[in-house]
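The next block holds one structure in the form of structure tokens; read it before the comments.
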Amino acid sequence: MDSSPISAEPKRKPAERIEDMLVDLYKDKLMDFYNEYPLVKSVEIDYKDLELYSSQAADELEVTPYDALKKIKNKVEELDHTRKVRGVNIRIANYDGIFLDSLKRLRSDVIGKFISFDGLVKRKSDIIPRIKMAMFECNSCMRLHEIKQKTDVIVEPSLCKDCGGRNFRLLAEECEYVDMQVLSIQEPLENLAGRETPRVMTVLIEDDLVETVTPGELLRLTGILKVIKKKNQDNMRYLIECNHIQVLEKEYEDIELSPEDEERMQEMGKDPEIFSKLRNSVAPTIKGMDTVKDSIVLQLFSGTEKTLTDGSRKRNDIHLLIVGDPGIGKSDMMTTVSKHAPGGIFTSGKGSSAAGLTAAAVRDETGGWTLEAGALVLGDRGHVCVDEFDKMRPEDRSALHEAMEQQQISVAKAGITATLNSRCSIMAAANPKYGRFDKFKPIGEQIDLPATILSRFDIIFPIEDVPDEQKDSDIAWHILDIHENDDYLKYDINTDDFKKYIAYARQNCQPRVKGKAKEKIHDFYVEMRSLVQNREDPIPITPRQLEGMIRLTEASAKAHLREDAIVEDAERAIDIMKDYLQRVGFDAVSGKIDVDKVEGRQPKSWHEKVNKTTEVLEWLEEYYGTMPKHEIVLEEVSIKLNESEENAEKLIKEARAGKLLQWSNK
Ligand code: ZN
């Protein structure tokens, strides 16, 4: 450019400079806007343009936003050739005047100012009408008073100009309204140190911003910071009147890598020892447990995302469950995952909010219904670690099947219907039902979770805390060494590079399982199915686990930056599966098990099977608080009794008929 707009006419006033900006840069945009109004109600102005044309107007926006926005609005309305545009919303994009990188930094000196910050949508209220212009009538002389309203707390006239009266009546039909929604915005989790509770900010969105956001989304919000005092409350509270919303992405795929980074990541991928280096950098405080660590590494890379021709999506996220006694380092493992994953969330099955793991419709302070996002929604596109998974609240139980497999959560309650995304990988930990895990008891009986939920985990790790002199000695030395020397722990790859490497792999590799690797998995699955079929107690190896093995194989290929999976990747997935089978007392080589030690044998006769089915039905009804959907019942009975779906259907029918008979005989 040969002439800078700043030097053009330096003496023009801010209002004139705004006009110049609109004419120079926004002419076409405004033409379209005037024609589309009132279908379109807002004009978006880039803050950078404002700064360029008038630094004074930009400064004014920061300190006295209402005045500054009004000046732009007036200009936009003045330039309107159609003369019909009134009450335009001016929205400021890319504002970085006052950016709060953490709500912790929020101080009273920015009250009234234009600010910007990032946060996750935790709650979203119903759409409620807010009075923009209130009409009051004086109770003594009937004079009408118009009072402009700026928040959801209604301000009355202080005194009647005619008679000095102080009592007024609100004329609800005479008021002017605007649609409003109240959001609760929680600060991003990566801003938090340790397990600090995230701060939450109330944000009002109005007019055409209403219904543009969904719980779980990460947003950059710009608006005016206000304080209000509700009638029955002592304290003032902060509130943001939102001006502009930008949806931010929050995934590995969005980590930006410099060309130097990319080159370094490619070099790392060529290292034949890359996988063991990644493993050694996961939770080095924990000695051993290599298979668990391998699985964590694979979970971080995840499988390949696929959308089928019918538009349905195949889950690529890997779900892991660790079942074991307290003190085996479950929490350390989970902390590692949340540390290495962008937007990682650490929560407990009991949940700290009404929404728990999934989502809920809850009453807010105004008495209206609000949609609140739980951990799996807030963790959309990320990793969610759930401790005490078995202690999950009854409200979460039925929603969890859909949340884990379709990776969506449907809410239909109190007039709210919504589908929220939960495209996250879950790393869960649970305690064994009887305190300790026993490899000679069927695994399904040792965890207080239905088989249908267990089957949605790609891998389950039952971890026995068996005293073993050599192992215990190693662990003891390891812990003592960590305490003796600060530099003892060696991370082969530091956290920053670890993250970048995963990001690079996820952005650049979409491996598929083909050829020899494909055959390998096929053969293993068929063989295991045939061995498991003959067992007394069922181990759930179903097509769901086959899909899990495909994801693990793809993830292994990604961890090596491979274009497609090779046999080595398939073998890694198979080894993990064999390790699991062995942990539940199954020798994957001989297919044999010490039958005498197995308790809880499967019923043999049809009559026994019907009785067992009745037990399963009763348990399901108790667990979910009501009988779950038929497909869940069918899957549960089929896994628990190791029967085909066809037989399971017959058993359910007979068990139900039997129950009816019991009731009629009472
Ligand atoms: Zn009066």
Side-chain angles (χ1 to χ4, degrees), residues 1-38 40-100 107-117 132-133 146-151 176 178 204 206-209 220-227 240-246:
M1 285 249 244
D2 49 3
S3 68
S4 149
I6 293 171
S7 58
E9 279 179 77
K11 283 193 185 132
R12 283 167 72 81
K13 287 179 196 152
E16 293 165 332
R17 297 296 295 148
I18 289 168
E19 188 172 335
D20 294 345
M21 174 187 77
L22 293 175
V23 173
D24 292 355
L25 307 178
Y26 290 84
K27 200 172 177 183
D28 294 345
K29 205 173 159 184
L30 285 177
M31 283 306 207
D32 291 344
F33 170 73
Y34 296 140
N35 290 328
E36 282 167 40
Y37 183 87
V40 181
K41 288 166 154 180
S42 299
V43 173
E44 192 177 283
I45 303 289
D46 195 313
Y47 182 67
K48 303 281 176 295
D49 296 336
L50 193 64
E51 272 185 315
L52 187 67
Y53 273 77
S54 169
S55 56
Q56 202 183 326
D59 290 346
E60 196 182 42
L61 179 70
E62 194 175 305
V63 187
T64 51
Y66 283 116
D67 297 343
L69 290 168
K70 199 171 176 182
K71 274 183 194 154
I72 305 174
K73 170 179 168 282
N74 290 344
K75 279 292 166 204
V76 168
E77 292 182 357
E78 262 174 52
L79 294 170
D80 168 30
H81 61 287
T82 66
R83 303 269 158 236
K84 63 173 185 185
V85 174
R86 194 182 144 264
V88 183
N89 302 313
I90 302 298
R91 309 221 177 267
I92 307 292
N94 301 320
Y95 175 72
D96 57 4
I98 304 175
F99 180 78
L100 298 175
R107 296 289 182 276
S108 52
D109 61 357
V110 286
I111 291 171
K113 293 185 182 159
F114 208 51
I115 65 161
S116 180
F117 75 105
K132 240 161 86 177
M133 189 65 85
E146 253 191 355
I147 304 283
K148 199 169 181 188
Q149 304 291 326
K150 286 184 176 173
T151 67
E176 256 182 69
V178 62
L204 299 186
E206 285 188 353
D207 208 3
D208 51 356
L209 290 183
R220 175 154 299 168
L221 293 145
T222 305
I224 301 166
L225 181 70
K226 315 185 70 162
V227 274
I240 286 174
E241 195 181 296
C242 183
N243 173 271
H244 187 267
I245 295 173
Q246 184 196 347

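A quick note: this is a predicted structure, and the numbers were derived from the prediction, not measured.
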Looking at Lys226 and Glu241, would you say the former's side chain and the latter's main chain have a donor-acceptor pair under 3.5 Å? no
Show your working on side chain to side chain contact (heavy atoms under 4.5 Å, CB included) between Lys13 and Ile18 and close with a plain yes or no. CA-CA 9 Å; Lys13 287 179 196 152; Ile18 289 168; over 6 Å; no
Separation of Glu78 CD from Glu19 CD (nearest 0.5 Å): 6.5 Å
Of all heavy-atom pairs linking Lys75 and Ala15, the shortest is CE-O, 3.3 Å
For Pro65 versus Glu62, what's the shortest heavy-atom pair and its separation? CD-O, 4.2 Å
Distance check, rounded to the nearest 0.5 Å: Ser116 atom OG versus Asn94 atom CG? 9.5 Å
Ignoring hydrogens and geometry, is there a side-chain-to-backbone donor-acceptor pair from Lys84 to Tyr34 under 3.5 Å? yes
Could you tell me whether the side chain of Leu69 reaches within less than 4.5 Å of the side chain of Ile92, counting heavy atoms only? yes
Residues that Ile111 engages under side-chain contact (heavy atoms from CB on, under 4.5 Å), provided they are two or more places apart: Ser108, Leu225, Val227, Tyr238
Judged by atom type as modelled, is there a donor-acceptor pair below 3.5 Å linking the side chain of Glu60 to the main-chain atoms of Asp67? no
Looking at Ala57, is its backbone amide N or carbonyl O close enough to the side chain of Ser54 to form a donor-acceptor pair, meaning the two atoms are under 3.5 Å apart? yes
Leu61 side, atom CG; Ile98 side, atom CD1 - distance, nearest 0.5 Å: 9.5 Å
Go through the steps for Met31 and His81 under the test side chain to side chain contact (heavy atoms under 4.5 Å, CB included), then give the verdict. CA-CA 9 Å; Met31 283 306 207; His81 61 287; 3.7 Å; yes
Measuring from atom CE of Met133 to atom CD of Gln149, what distance do you get when rounded to the nearest 0.5 angstrom? 9.0 Å
With a 3.5 Å cut-off and no angle check, do the side chains of Asp24 and Tyr53 form a donor-acceptor pair? yes
Answer yes or no: does atom NZ of Lys48 have more than 12 heavy-atom neighbours from other residues, nucleotides or ligands under 6.0 Å? yes
Got a sec: does the NZ of Lys27 have more than 12 other heavy atoms crowding it under 6.0 Å? no
Working for side chain to side chain contact (heavy atoms under 4.5 Å, CB included), residues Phe33 and Val88: CA-CA 10 Å; Phe33 170 73; Val88 183; 3.7 Å; yes
Nearest 0.5 Å, what's the CD1-CE distance between Ile72 and Met21? 5.5 Å
Asp49 and Tyr26 side chains, donor-acceptor separation under 3.5 Å: yes
Please indicate whether Asp28 has more than 12 foreign heavy atoms, meaning atoms of other residues, nucleotides or ligands, lying under 6.0 Å from its CG. no
Does the side chain of Lys73 come within less than 4.5 Å of Glu77's, by heavy atoms? yes
Main chain of Val76, side chain of Asp80: is a donor-acceptor contact present, judged purely on distance under 3.5 Å? no
Is it true that a side-chain atom of Tyr95 and a backbone atom of Gly223 form a donor plus acceptor pair closer than 3.5 Å? no
Would you compute the distance between atom OH of Tyr66 and atom CD1 of Ile224 and round it to the nearest 0.5 angstrom? 4.0 Å
How about CD on Glu176, more than 12 heavy atoms from neighbouring residues, nucleotides or ligands closer than 6.0 Å, or not? yes
Taking Asp208 first and then Arg91, would you say they form a salt bridge - that is, a charged N and a carboxylate O separated by under 4.0 Å? yes
Walk me through it: do Asn243 and Ile90 pass the test side chain to side chain contact (heavy atoms under 4.5 Å, CB included)? CA-CA 8 Å; Asn243 173 271; Ile90 302 298; 5.5 Å; no
